[in-house]
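Hydrogens, waters and symmetry mates play no part in the numbers below; they use all other heavy atoms, side chains included.
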Amino acid sequence: MIWTNWARTASATPVRQVHPATEDELSDAVRRAVREGHTVRAVGAGHSFSAAAATDGVQLDLDRLNALHRVERDPDTGNALVTVGAGIPLYQLNRVLAERGLAMQNLGDIDRQTIAGAVSTGTHGTGAQFGGIASRVRALTVVGPDGEVTRCSPTENHDLFEASRLGLGATGVLSTVTVEAVPAFDLHAVEDVQPVDRVLEELDHLVDRSDHFEFFWFPTARKVQTLTNTRVEARADAGGPVGVGRRTRRAAAAVRTFIDDEVLSNVGLELTNRTATAFPAVTPALNSFAAQALRPRTYTAPSYEVLCNRRRVRFRETEYAVPRAIAADVLKEIDGWLRRSGENVPFPLEIRFAPAEDAWLSTAYGRETAYVAVQQYWRLPYARYFDAAEQIFTAVGGRPHWGKMHSRDVEYLARQYPRMADFQRARAAADPDGVFTNPYTRRVFG
């Protein structure tokens, strides 16, 4: 069989693919692979743009490890500690939490990934006070190269925990993940169209006054779409039986979502990109029109419905984390290159924000961060654009997203991550024979 990721940027021919349904089956699959001399890589939904999951050894698809195991109460914070199978998709986890009056503190832009894939690659959302998904992990169980299952947490097998909660599966295969959830909440969403110069000038104010702020910028357009989401208490009718009033509101919300997120964001974006592909000369006009056509809207909905979107238009992406203080300068440089080069790019940049984090390999480790996602429609060339963006990012010490396309290697990355040596030691102790390696992990970790 040939495995291909969603973006069609990575493919592989594993010797076999296994779908373990229990932890014992997962352990047995690892032991058998080692006996036969194969490497092992776990795969989730295939939403990484990098080749993180590619292998010519044994590929373990965790899709059947998707059960809710338990919900406990954290005695220190009072929040819920929710343990789930590592293969549960985020959209399913969101529903499981909502049914219990809970929610993730923050989420990324899409919810198709598995929880294991999301934490292992550093999936993040936006919000100056709210870190990525790995920052909410409180415990893990890891299946090592001998098939043994080890539980780890900040107080139990600490180094294995740090290297596993964000480490591309290089220490073993995650079996269960325990995340800290918070009481369910709604978000009041305000989507607007604003001049790019004003947004860049007022960036700190826009980020700091908001719970979750981000914006989309179509290349060379002079207006951007801003998304400002404010946390509010969940409506009293958010749970329990679905009454007539709630059904009516949900139906209206579904119509609005279909028009805005499907017709405009997906169908419209696909048509725009197909047109730009066929007629490159019209791309600047299309980008300007797209920026103007985005209509302001305001609504309130459960947090996971606001934060997560369906992205049906296929694209390629590189994303770098840069110091937040210089985000505007970085964006101006990218804009300048696009104007000088005339590169045909009908896909918007996405800019998000995060607080400093403490996970060893978090792209936001030790610094307030701006994430700049550089994206290109999958039918168009991307190499020159991504290379130019990488030069701008690396000149300021940017850190590439572990699950996105980039060309950096361990020599560069070791200079950007103060705890890289600690990670490498923990990885070597957990997997001394390199069972959980592939070309990508060898490039970025050595």
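- Counting heavy atoms from C-beta outward, Leu286 and Phe218 have side chains that stay 4.5 Å or more apart.
- Val142 is listed as a side-chain neighbour of Ser164, based on a closest heavy-atom distance under 4.5 Å.
- Between the side chains of Ser362 and Asp358, no donor-acceptor pair of N or O atoms lies under 3.5 Å.
- Between the side chain of Asp335 and the main chain of Leu331, no donor-acceptor pair closer than 3.5 Å is present.
- Taking 4.5 Å as the limit, some side-chain heavy atom of Leu413 sits within range of a side-chain heavy atom of Met420.
- The shortest side-chain heavy-atom distance between Val372 and Tyr320 does not fall under the 4.5 Å cut-off.
- A cation-pi arrangement is absent between Arg112 and Trp6, since the terminal nitrogen or guanidinium carbon is not both under 6.0 Å from the aromatic centre and inside a 45° cone about the axis.
- When atom types are taken as modelled, the side chain of Asn106 and the backbone of Thr126 share a donor-acceptor pair closer than 3.5 angstrom.
- In terms of modelled atom types and a separation under 3.5 Å, the side chain of Gln376 and the main chain of Asn344 share a donor-acceptor contact.
- By the neighbour-count criterion of 12 heavy atoms within 6.0 Å, atom CD of Glu156 is densely surrounded, having more than that number from other residues, nucleotides or ligands.
- For the pair Arg316 and Phe347, the cation does not sit on the ring face, since its NZ or CZ is not both under 6.0 Å from the ring centre and inside 45° of the axis.
- With contacts defined as side-chain heavy-atom distances shorter than 4.5 Å, the pair His406/Glu319 does not qualify.
- Counting heavy atoms from C-beta on, the side chains of Gln225 and Phe216 come closer than 4.5 Å.
- In this structure, Phe315 has its ring center closer than 6.0 angstrom to the ring center of Phe49.
- Val82 is not listed as a side-chain neighbour of Thr178, based on a closest heavy-atom distance of 4.5 Å or more.
- Aromatic pair His124/Tyr371: centroids less than 6.0 angstrom apart.
- Note that Arg399 lies in the cation-pi zone of Tyr417, set by a 6.0 Å cut-off to the ring centre and a 45° limit from the axis.
- Proximity of the aromatic rings of Trp402 and Tyr440 is defined here by a centroid distance below 6.0 angstrom, and this criterion is not met.
- Under the 3.5 Å distance criterion, the side-chain polar atoms of Asn66 are left unmatched by any main-chain donor or acceptor of Gly85.
- Side chain of Trp337 to backbone of Ser341: no donor-acceptor contact under 3.5 angstrom is found.
- No side-chain donor-acceptor contact under 3.5 Å links Asp433 to the backbone of Val435.
- Annotation: side chain of Val119 is not in contact with side chain of Arg136 (no heavy-atom distance under 4.5 Å).
- Residues Asn287 and Thr220 bring no donor and acceptor atom of their side chains to less than 3.5 Å of each other.
- A donor-acceptor contact shorter than 3.5 Å links the side chain of Thr437 to the backbone of Gly434.
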